[in-house]
2 protein chains.
Amino acid sequence: MKAIGVTRDVDEPQFLDVPRPEPGEGEALVRTLRVGVDGTDHEVIAGSHGGFPEGEDYMVLGHEAVGVVEEPNGTGLEVGQVVVPTVRRKPDGETNEYFRRGEPDMAPAGEYVERGIVGGHGYMAEYFTSPADYLVPVSDELAEYGFFVEPISITEKANEHAYATREPFEWRPEAACVLGNGSLGLLTLWMFGREYDRTYCVGRRDRPDPTIDIIEELGATYVDSRETSVDEIPDEYEPIDYIYEATGFAPHVIETVHALAPNGVGALLGIPEPWDFEVDGGSLHNELVLHNKCLIGTVNSHIKHFEYAVDTLESMPEWLLEALVTTIATPEAVEPAFADDAEQIKAVVEFDTL
Amino acid sequence: MKAIGVTRDVDEPQFLDVPRPEPGEGEALVRTLRVGVDGTDHEVIAGSHGGFPEGEDYMVLGHEAVGVVEEPNGTGLEVGQVVVPTVRRKPDGETNEYFRRGEPDMAPAGEYVERGIVGGHGYMAEYFTSPADYLVPVSDELAEYGFFVEPISITEKANEHAYATREPFEWRPEAACVLGNGSLGLLTLWMFGREYDRTYCVGRRDRPDPTIDIIEELGATYVDSRETSVDEIPDEYEPIDYIYEATGFAPHVIETVHALAPNGVGALLGIPEPWDFEVDGGSLHNELVLHNKCLIGTVNSHIKHFEYAVDTLESMPEWLLEALVTTIATPEAVEPAFADDAEQIKAVVEFDTL
C-alpha cells in the first residue's frame, strides 16, 4: 500500500510501498481518509525524536488522522464507522500502570510508543490497524476534518490540567492569550473565544497574512512579538489570566510568568532543544510566589480528551476549518504538505474520501 | 504598652513604648502570649518589604502569634479564649472581592495590608486588636506553641494548591523533598512524613547540627546542597514527586524542574530579590512539557488553612516543637530572638503565659 514515511538515510518524507498491516486480535483495520501534518512531523523528519519501530528501517509518519473502519475484525465496530485514532500505544508487548489507568498521556519516556513519532508506525498510509480501544468513533460529518480531533485533544488536556491548578480558589479569568499562530494556536484561540471576554494571539508575521485574518475574524487581538514581547503584554494591553504556549520558543516560559495576571496560569506545550540564556531568576521566582502564579507543562492526551475534542470540533464553524486547511496533498505528490510556505496554515494528506 | 518594632531610621528591631490599641466595632482585644520570628521579619527589618501603617513612623513587628482574648467587645468570643490571628487585612477602610470571598491570600499587591509585614502593625506587643473573623480559636494546650499555626498554614495552602494541580490524573507520589531546613522546612518535613514513603530535606550545614538531627529523627534523608545540588538529587537518590521550596534561592526554581519525577509538582514559597543568571531555558521548557511537570507559586494563607493547621499542630509530637524552639526572648531583651546564630532554629518573643 501507499505510505509516507521516513527512512534512515534521507531527511525528507518518502513515498513508500509497504505491506498492508494485518489486524491482530482486538484490532480493527482502518482505511485512512486524511492525515494532518504538524510541527512534530517536521521534528520527526529532522530526526529529533528518533526511534523507528523495532526491527524496521522506516517509520510511517502521521499522528493526526481520520479513517473509516474497513474490517472490524470482531472488535464490535461497524464497517464504515468513521474513527479517529489516539497516538500513544503500549511499548512492545508490555502494558504498564499508565495504560491500565487509561492515562497513557502521563506515562514517562520508555513506557509508551507514539505512532508516527517514536517507536510506532503512524497513520500516513492507505490503511492502519489499531486496537478498538484507541479508536474514537465520530460522525460521518467529521470525515473531512476529523484529523483535527487529535490537536484539539491536546488543548482539551492542557485546559483540564491548567484549570485544575486554579480550583482551590475562585478564579475569575477574563483574558486569555495563545502564543503561536499555527493551526493548533488558532484552534485553541477559537476555543478561548467561547470562555474569555478578551483573547490575544501572539505571532511574528507581517500583514497581510492569513493567520492574522483568522485571529481578527475570531475577535482576538493580534500581538506581533517583534514589536511587543510577551512580557510587555501587560503594559501594552493587559495582564493575562491564562496563557497557552504553543511556540516551543524557550524564552516564552520566562516571559509568560511576567505576562500573567496575579493568580494566572501558563500552560506550556512546546518542546524546544536545549538553549542557554540569561534570565532574571530572582524576579521569576518572586513573581510566581507573590502572585500565586502557576506554570504547567502538558504533553499528549488520552481518550477522554479525544472525546471532548469531538464535541469541540463539531461546534467549530465551517469557515474556520476551511480557512485553516490551506493544503490538501495526495500521497503521490506529498511535497506541498511538508513545504516551508508562509501561506500554509494546515496541510493534510488525503488518501481517500468517505 | 511594650512592643517590638521597626522605625524609619534604624535597621534593627526596637523596644517601643506605644499606646495600647483600642478595639473598634467587631474587634476583640487580645493579650499576646508568644510571637515567632521568621525570615520575613528579617526582610522587614532590612527594609525590603517597606510600607509602614498609614500615618505612622513605626511598625510593630510580628505575624506569627498566639494570644488570649482580654476584651471580647461584643464579638462573641469568650474572655480567656486562646486565639491565633491571621495576617492579611483589608487595606484601610476598603474591602474588595478577595476579602469578600474569604480568600485574601489570593489578593494582589495593593489589595491588602499584612500585619507586621506591610501597612499594618504586627503582633509583637503586649496587646493587639483584630476583627473576630480573623482570629482562629485554639485549645488552651496550644497557648505555648500556637504561633506555629501561621507557618503551618502556609504549608497547608501550598499543599492544597500543589495537590490540586495533580487532580486530573491518578498521581501516586512516593517521595517528597523540602528545600530548606529552617523551622518552616522542618515543620513541613514532619507533615510530609505522614504522607510519603520517603522524605528528603536539603540544607547546607555541617554536622553536628541540630536541624540535621531533627531531619534524621523524622526519618528523612539530609541532602547537603554543597555536595549534591538539587538537580542532582535524581541521580544521587531518586526523582522526587513533590518538592517544597522554602529557601528563596532562585536557582532552586530551575533545579526543581530537573529534580522532579515525571508528573511531579514543585511548590515555590521563597521570595528572592532580582538576580540574573544563565539557565538552560530549552531544557527547562522541554522537561516541564514532556513530563507533565508543574511549578506553582504560593504565598500567604487564609482562615481555612489556619484551621487545618490547628489540627496539624495538635498532631505534632512535643519533642519536635521543643526541639524547634531554641530561643525564648523577652520584650525587654529581644536581641537573641533576632540574632544570626547557627544554633538557632526558631526564636519566639514571650510576652505572657496563659
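In what follows, every heavy atom counts, from backbone to side chain, and hydrogens, waters and symmetry copies are set aside. Keep in mind that this is a model prediction, so the values were computed, not measured. So you know, we letter chains A, B, ... as the sequences are listed, proteins then strands, and number each from 1.
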- Message: Under 4.5 Å from any heavy atom of chain A, what part of B:D105 do you find: side chain, backbone, both or neither?
- Response: backbone
- Item | Interface residue of largest heavy-atom contact number with chain B, from A:V265, A:V279, A:I296, under 4.5 Å | A:V279
- Message: Are more than 12 heavy atoms, taken from residues, nucleotides or ligands other than A:R100, located less than 6.0 Å from that residue's CZ atom?
- Response: yes
- Heavy-atom pairs under 4.5 Å with chain A, option from B:V253, B:T165, B:L295 with the top count: B:L295
- Task: Return yes if some donor-acceptor pair links the side-chain N/O of B:D280 with the main-chain N/O of A:W275 below 3.5 Å, else return no.
- Result: yes
- A:F169: which of B:H302, B:E160, B:H161, B:R101 passes side-chain contact (heavy atoms from CB on, under 4.5 Å): B:H161
- Message: Between A:N286 (side chain only) and B:I271 (backbone N and O only), is there a donor and an acceptor less than 3.5 Å apart?
- Response: no
- Item | Structural part of B:E245 lying under 4.5 Å from a heavy atom of chain A | side chain
- If you measure from CG on B:D276 to OG on A:S283, what distance do you get to the nearest 0.5 Å? 8.0 Å
- Item | Heavy-atom side-chain proximity of B:E167 to A:E167 below 4.5 angstrom | no
- Output the option from A:E287, A:E278, A:K304, A:E97 having the highest count of non-hydrogen pairs under 4.5 Å with chain B. A:E278
- Query: Based on non-hydrogen pairs under 4.5 Å, which of B:H291, B:H252, B:R172 is most in contact with chain A?
  - Reply: B:R172
- Message: Less than 4.5 Å to any heavy atom of chain B: does that hold for the side chain of A:L269, its backbone, both, or neither?
- Response: backbone
- Note on the structure: In terms of heavy-atom pairs under 4.5 Å with chain B, the winner among A:N300, A:L284, A:I254, A:L268 is A:L268
- Query: Do A:N292 and B:V299 have side-chain heavy atoms sitting under 4.5 Å apart?
  - Reply: yes
- Checking heavy atoms, do the side chain of B:Y163, its backbone, both or neither come under 4.5 Å from chain A? neither
- Is the backbone of A:E170 close enough, under 3.5 Å, to the side chain of B:E103 for a donor and an acceptor to pair up by distance? yes
- Query: Quick one: of B:A250, B:A109, B:G102, who has the most non-hydrogen atom pairs under 4.5 Å with chain A?
  - Reply: B:A250
- Query: If you tally heavy-atom pairs under 4.5 Å against chain B, which of A:G248, A:C294, A:P108, A:G282 wins?
  - Reply: A:G282
- Note on the structure: Cut-off 4.5 Å, heavy atoms of chain B, and the answer for A:A158 is neither
- Query: Quick one: OG1 on B:T298 to NZ on A:K293, what's the gap to the nearest 0.5 Å?
  - Reply: 14.5 Å
- Note on the structure: Among B:A164, B:A107, B:P168, B:A267, the residue with the most heavy-atom pairs under 4.5 Å to chain A is B:P168
- Task: Can you tell which part of B:A261 gets under 4.5 Å to a heavy atom of chain A, answering side chain, backbone, both or neither?
- Result: neither
- Side chain, backbone, both or neither of B:P262 within contact of chain A (heavy atoms, under 4.5 Å): side chain
